[in-house]
Amino acid sequence: MSEQKTRPEDTAKAICALDLVKGLPSGVKAHVISLARVDVLPGGVSVLTQGAQAQRAYAVLVGAVRIRQIGSDGAQALMRMIAPGEMFGTVALFTEGYYPADAETAMPSHIASWSKADFIALTMNFPQIAINIIGMVGQRLANVQNRLREMATQSAEQRIAHALLMLVEQSGAVQAETGVICVPLRRRDVAELAGTTLHTASRVLTAWEKAGLLARSRQMLAVRDASRLRRIAQGELS
């Protein structure tokens, strides 16, 4: 992992936008910012490794990170895309002490991080930070439960639609009924997020692009009809 110390001009603003510091006085936010290390990384760089001892908590300020887990049989699965404003690698600091998945930059990114000692001290000294962390973990757990329900009850097309809508929402780039997924997105990524095969994901995405529901520019994917995609996700359209 790069040890660059270059901070983007908007680092303070980006850290202040994290749920981690929600509801904190400005002086405490400044303290959190002062403890952060910010690394400027190219795409395709490992940030943390599954099974490694948890030493830092991370947040994406700019760019995106893929969270990928390797099973006991060696099979890999994309668990989540981490967008700007989201944290990762935090829960392991308070639980078994080892990262449960790999994290790799999906594009050039600015990654903030805090040492284990500093992060735990923050939660002990400022209860609002601990409350914010519980809220983030609760939201992540709800997302996992939703994915399990989708896997058990929905078709591949519905799950792919849900995955795309989630990525658009994460990107925060929605205008009216269109939205751009602002991270390089491979068909393999869509397949793994939706819990389906690469063949099925490719077939569905190709059909939706031909129908004008989606459009692709380089590796970026744009949703051209969010209402129709929502209806597919709800099982109202095939």
Side-chain angles (χ1 to χ4, degrees), residues 43-44 46-48 50 58 60 63-71 73-89 91 99-107 109 136-137 139-174 178-209 211 213-226 228-235 237-238:
S46 175
V47 181
L48 57 85
Q50 180 175 337
Y58 297 87
V60 176
V65 166
R66 291 187 180 93
I67 303 297
R68 187 177 298 279
Q69 193 171 63
I70 303 173
D73 60 353
Q76 299 185 23
L78 179 64
M79 307 305 295
R80 185 173 175 85
M81 296 288 289
I82 305 295
E86 295 186 317
M87 299 196 66
F88 62 100
V91 175
Y99 294 123
D102 292 338
E104 178 185 271
T105 54
M107 60 194 300
S109 302
M136 290 186 290
V137 171
Q139 183 59 55
R140 198 67 60 85
L141 178 59
N143 291 338
V144 170
Q145 291 174 327
N146 285 335
R147 286 189 66 183
L148 289 173
R149 176 184 52 78
E150 291 166 7
M151 290 289 292
T153 64
Q154 297 183 353
S155 68
E157 287 81 1
Q158 287 177 276
R159 299 197 304 272
I160 292 170
H162 275 297
L164 295 178
L165 289 168
M166 177 190 69
L167 290 169
V168 170
E169 182 180 352
Q170 281 185 304
S171 294
V174 181
T178 66
V180 178
I181 297 170
C182 298
V183 296
L185 191 64
R186 304 170 299 191
R187 295 194 171 192
R188 172 188 172 189
D189 295 333
V190 176
E192 292 181 2
L193 283 173
T196 189
T197 64
L198 177 59
H199 172 77
T200 297
S202 296
R203 174 180 57 79
V204 171
L205 293 175
T206 297
W208 288 354
E209 288 176 29
L213 181 59
L214 305 174
R216 182 176 291 276
S217 176
R218 298 178 183 175
Q219 284 189 300
M220 301 297 182
L221 194 64
V223 173
R224 296 304 187 196
D225 190 341
R228 186 177 176 190
L229 198 62
R230 291 188 193 98
R231 293 198 297 273
I232 293 173
Q234 293 165 5
L237 296 175
S238 59

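When reading the values below, keep in mind they use all heavy atoms of this one structure, side chains included, and skip hydrogens, waters and symmetry mates.
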For Ile160 and Ala201 the tightest heavy-atom approach is CD1-CA, 3.9 Å
By side-chain hydrogen bond (donor to acceptor under 3.5 Å, both in side chains), Ser202 pairs with (sequence neighbours left out) none
Next on the checklist: Does any part of the side chain of Gln139, heavy atoms only, come nearer than 4.5 Å to the side chain of Glu86, both counted from C-beta?
Outcome noted: no
d(Arg203 CZ, Thr196 OG1) to nearest 0.5 Å is 8.0 Å
Smallest heavy-atom separation, Ala161 atom then Leu229 atom, equals CB-O, 3.7 Å
| query | Is there a donor-acceptor contact under 3.5 Å from the side chain of Arg159 to the main chain of Gly195? | reply | yes
Those residues at least two apart in sequence (or on a different chain) that pass side-chain hydrogen bond (donor to acceptor under 3.5 Å, both in side chains) with Glu209 are Arg187
Interatomic distance, CD1@Ile82 vs OH@Tyr58, rounded to 0.5 Å, equals 13.5 Å
Are Leu167 and Val223 close enough that some pair of their side-chain heavy atoms sits under 4.5 Å apart? no
So CG of Leu214 and CD1 of Ile181: to nearest 0.5 Å the spacing works out to 7.5 Å
* Is there side-chain contact between Arg231 and Arg228, with at least one heavy-atom pair below 4.5 Å? -> yes
Heavy atoms of Gly63 and Ser109 approach each other most closely as CA-OG, 3.5 Å
So, the side chain of Thr105 versus the backbone of Gly44: is there a donor-acceptor pair under 3.5 Å, distance only? yes
message = Show, in sequence, the C-alpha distance, side-chain angles and deciding distance for Glu150 and Asn146, and conclude whether the side chain to side chain donor-acceptor pair (under 3.5 Å) test is met.
response = CA-CA 6 Å; Glu150 291 166 7; Asn146 285 335; 5.9 Å; no
Note: Asp102 and Gln50 closest approach over all heavy atoms is OD1-N, 2.5 Å
Side-chain donor or acceptor of Arg147 paired with backbone N/O of Leu193 under 3.5 Å: yes
Tightest non-hydrogen contact, residues Pro184 and Ala106, listed as CG-O, 3.6 Å
- Task: Using a 4.5 Å cut-off on heavy atoms from C-beta on, say whether the side chain of Arg149 contacts that of Gln154.
- Result: yes
To the nearest 0.5 Å, atom CG of Leu48 lies from atom CD1 of Ile67 at 6.0 Å
In terms of heavy-atom contacts, Met81 and Leu78 come closest through SD-CD2, 4.1 Å
By side-chain hydrogen bond (donor to acceptor under 3.5 Å, both in side chains), Arg66 pairs with (sequence neighbours left out) Asp189
